[in-house]
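Below is one structure, written out as structure tokens, with a few remarks after it.
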Amino acid sequence: MEHDEISDGAPRRGVATNVVEAVVALVLLVIGLVVIYESQRLGSGWTSDGPGAGYFPFYIGVIITISGAGILYQALLGKDKKTEVFVDTVQLKRVLSVLVPATIYVAAISLLGLYVASAIYIALFMVFLGKYSWVKSVIAALVVNTVFFCMFEVWFKVPLFKGALDPLRFLGY
């Protein structure tokens with residue numbers, strides 16, 4: 001069986017390797033340009049005391065930008081472009097089924113805090129991806145986060161982020 005085919009002989013459909021490389025290159029370019037801009041804002045020149053605050057980050061940004069441009073050139077215009085499938089649609093759906101909820105979870109932490117957002121995340125993850133019942137999922141989520149709450153807030157006296165809405169303020173922590 002050839003690498004670019006699935007078991008029934010049909011060609012794999014999905015995102016090509018050079019497209020993924022181009023996206024990564026664009027991300028590197030943006031990061032490098034932001035570092036260069038911010039380094040200039042901080043002062044990337046040589047001062048009377050030595051290098052300015054942005055001197056070394058400026059050159060790191062230049063290296064990142066040049067690397068991103070080189071990768072982008074190879075991905076789009078290079079003579080050895082890799083056009084084979086990097087990830088097919090089935091694999092991409094599996095990755096996104098984990099990545100999208102994780103991104104929403106990270107955003108929810110700012111509003112609901114670490115404990116409440118984690119409880120919701122664990123319960124939903126168990127129900128939708130683990131195929132557990134709602135009852136088992138909610139119990140597991142509450143037990144795990146209760147243990148973490150007691151461990152950090154009560155025993156270690158290390159407060160974790162409660163969120164902008166602070167839904168646990170009734171506990172007095």
At what distance, to the nearest 0.5 angstrom, does [atom1] of [X] lie from [atom2] of [Y]?
X	Y	atom1	atom2	result
Asn145	Leu168	CG	CG	9.0 Å
Leu129	Lys131	CG	NZ	7.0 Å
Arg41	Ile36	CZ	CD1	15.0 Å
Thr65	Leu29	OG1	CG	6.5 Å
Tyr121	Ile104	OH	CD1	10.0 Å
Ile60	Tyr55	CD1	OH	11.5 Å

Problem set entry | Flag for Tyr59-Ser39: side-chain donor and acceptor within less than 3.5 Å | no

Problem set entry | CZ (Phe161) with more than 12 external heavy atoms under 6.0 Å | yes

Problem set entry | Worked check of side chain to side chain contact (heavy atoms under 4.5 Å, CB included) between Ser137 and Ile122 | CA-CA 7 Å; Ser137 301; Ile122 289 171; over 6 Å; no

Heavy-atom side-chain contact between [X] and [Y] under 4.5 Å:
X	Y	result
Pro159	Tyr173	no
Val15	Val85	no
Tyr115	Leu160	yes
Trp155	Cys150	yes
Phe149	Leu171	yes
Phe125	Tyr132	no
Phe148	Val144	yes
Glu21	Lys82	yes

Are [X] and [Y] connected, step by step, through hydrophobic side chains (Ile, Leu, Val, Met, Phe, Trp, Tyr) whose heavy atoms are closer than 4.5 Å?
X	Y	answer
Ile139	Val127	no
Phe128	Val95	no
Leu26	Phe86	no
Leu114	Phe170	yes
Ile109	Leu111	yes

Shortest non-hydrogen contact from [X] to [Y]?
X	Y	answer
Ala22	Ala75	N-CB, 3.8 Å
Ala25	Gly68	CB-O, 3.3 Å
Gly54	Leu42	N-CB, 4.1 Å
Tyr105	Ser118	OH-OG, 2.7 Å

For this session: Report the C-alpha separation of Phe152 and Val147 in whole Å, then their side-chain angles, then the decisive distance to 0.1 Å, and conclude whether the side chain to side chain contact (heavy atoms under 4.5 Å, CB included) test is met.
Result: CA-CA 9 Å; Phe152 286 106; Val147 168; over 6 Å; no

Problem set entry | N/O donor-acceptor pair under 3.5 Å between Ser110 side chain and Ala107 backbone |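 Checking the backbone N and O of Ala107 against the side chain of Ser110, a donor-acceptor pair under 3.5 Å is found.
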
For this session: Using atom types as modelled and distance alone, determine if a side-chain donor or acceptor of Thr17 lies under 3.5 Å from a backbone N or O of Thr83.
Result: no

Exercise. Tell me the salt bridge (Lys or Arg N to Asp or Glu O under 4.0 Å) pairs involving residues 133-156, sequence neighbours left out?
Worked result: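 For residues 133-156, and leaving out neighbouring residues, the salt bridge (Lys or Arg N to Asp or Glu O under 4.0 Å) pairs sorted by first residue read Glu153-Lys162.
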
Exercise. Where do Phe58 and Val35 land on the side chain to side chain contact (heavy atoms under 4.5 Å, CB included) test, with the steps shown first?
Worked result: CA-CA 6 Å; Phe58 174 80; Val35 169; over 6 Å; no

